[in-house]
Amino acid sequence: MPRLALLATGGTIAGTGDPQHYQAAVLDADTLFASVPALREIADWHIEQIFQLDSRDLQPGHWLQLAERISALQADPGIDGIVITHGTDTLEETAFALHLLLPLGKPVVLTAAMRPSDAPDADGPGNLLQAARVAATPAAAAHGVVVVASAHIIAGADLIKAHTSRVDALRCRAGSEPIGHVATEHINIRPALARSLRHALPWSTLGILPRVDILYGCAGVSADLPGLCATAGAQGLVLALSGHGSIPEAWRSGLQTLMEQGIAVVRATRITEGGVGNNCNEEDEIFGSLPAGILSPQQARVLLILALAANPRGDLRSLFRLAGGASPY
Ligand code: ASP
């Protein structure tokens, strides 16, 4: 039997209660594990509660805490794969951070649920069982961090939460496909391709994680927002802009001043498909801001936090080109 580790972090998969009394992160790791007896038929287990949170309250420091613990388990010859239970709300950020932070090694599988553990239609037990089966499949390791939900196996860098309430809320970003699926009798994982998005940043060399804020672009943006964020301590700003990521006039001079002071500004878009390309918005390029490529605003923020922590004076432009790819626009 393979030996797997279960790291529990909270979320609805460990939550209880009907909609009026719902609470995330209630069941502890041992209780969660015991609620799915079939897990014992797949592997021998090491169980651990690493933290116990509703994922809306996770901090960037939790990404490092997880990366550090997962790295240690990957280095342990007695462990063949790692399953992490997590809330769905910020799962895409944790999945992308771990994708950036962890070198390829043993399978690392995140899973979650949209219904609490005691709901009549709870999806957590099935997702946890399927995640365990994927973690016990060595071929999963070649893809880096993956997410298993509703029988889909999704690369960590491609994950989005696409619905606020449906059970199948966890999906692939537009333009990408799951790397495989969990069938009743077998796991179907396609061979790993070289993924340009993969860019490991060793977690152990990171300094203090800086504050990076996301500003949402809309008709009539408030001109003072960038300056307020900077005054509050932001070292980077990600703009979730309208359209193809062009900066509204009201923000331009303020952002120019902040960039001259060394604050990094990344242009992402609030539109789900198309991204912000490298060659468009020449005005904004000259102006010094960086295009996020296909990264969502929240992914761009994860990358900017980790990149600034790793090397505050590093070449952010090529990092974003590498991670964000060319926009198909
Ligand atoms: N609020 C919960 C969380 O993200 C939602 C979930 O797990 O689906 O922890």
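Just so you know, these numbers come straight off a predicted model, no measurement behind them. Positions are given from 1 along the sequence. When a ligand or atom number is given, it counts from 1 through the structure's own listing order.
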Side chain to side chain donor-acceptor pair (under 3.5 Å) partners of residues 293-304, not counting sequence neighbours, each pair once: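 Sorted result for residues 293-304: Glu92-Gln298, Arg173-Gln299.
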
Neighbouring protein residues of ligand 1 - any heavy atom closer than 4.0 Å: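 Residues within 4.0 Å of ligand 1: Gly11, Thr12, Tyr22, Asp54, Ser55, Gly87, Thr88, Asp89, Ala113.
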
Audit row: Arg3, Asp80, salt bridge (charged side-chain N to carboxylate O under 4.0 Å, His left out) steps and yes/no: CA-CA 5 Å; Arg3 187 164 164 80; Asp80 299 304; over 6 Å; no

Worked verdict on Thr111 versus His86 for side-chain hydrogen bond (donor to acceptor under 3.5 Å, both in side chains): CA-CA 6 Å; Thr111 194; His86 196 288; over 6 Å; no

Parallel, tilted or perpendicular: rings of Phe51 and His62 (30°, 60°):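 If you compare the ring of His62 with that of Phe51, the planes turn out tilted.
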
Pairs meeting criterion ring-ring contact (aromatic ring centres under 6.0 Å, His included) with involvement of residues 12-38, two or more places apart: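 Those involving residues 12-38 are Phe33-Trp45.
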
Set of residues satisfying salt bridge (charged side-chain N to carboxylate O under 4.0 Å, His left out) with respect to Asp224, sequence neighbours excluded: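 So Asp224 forms no salt bridge (charged side-chain N to carboxylate O under 4.0 Å, His left out) with any residue.
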
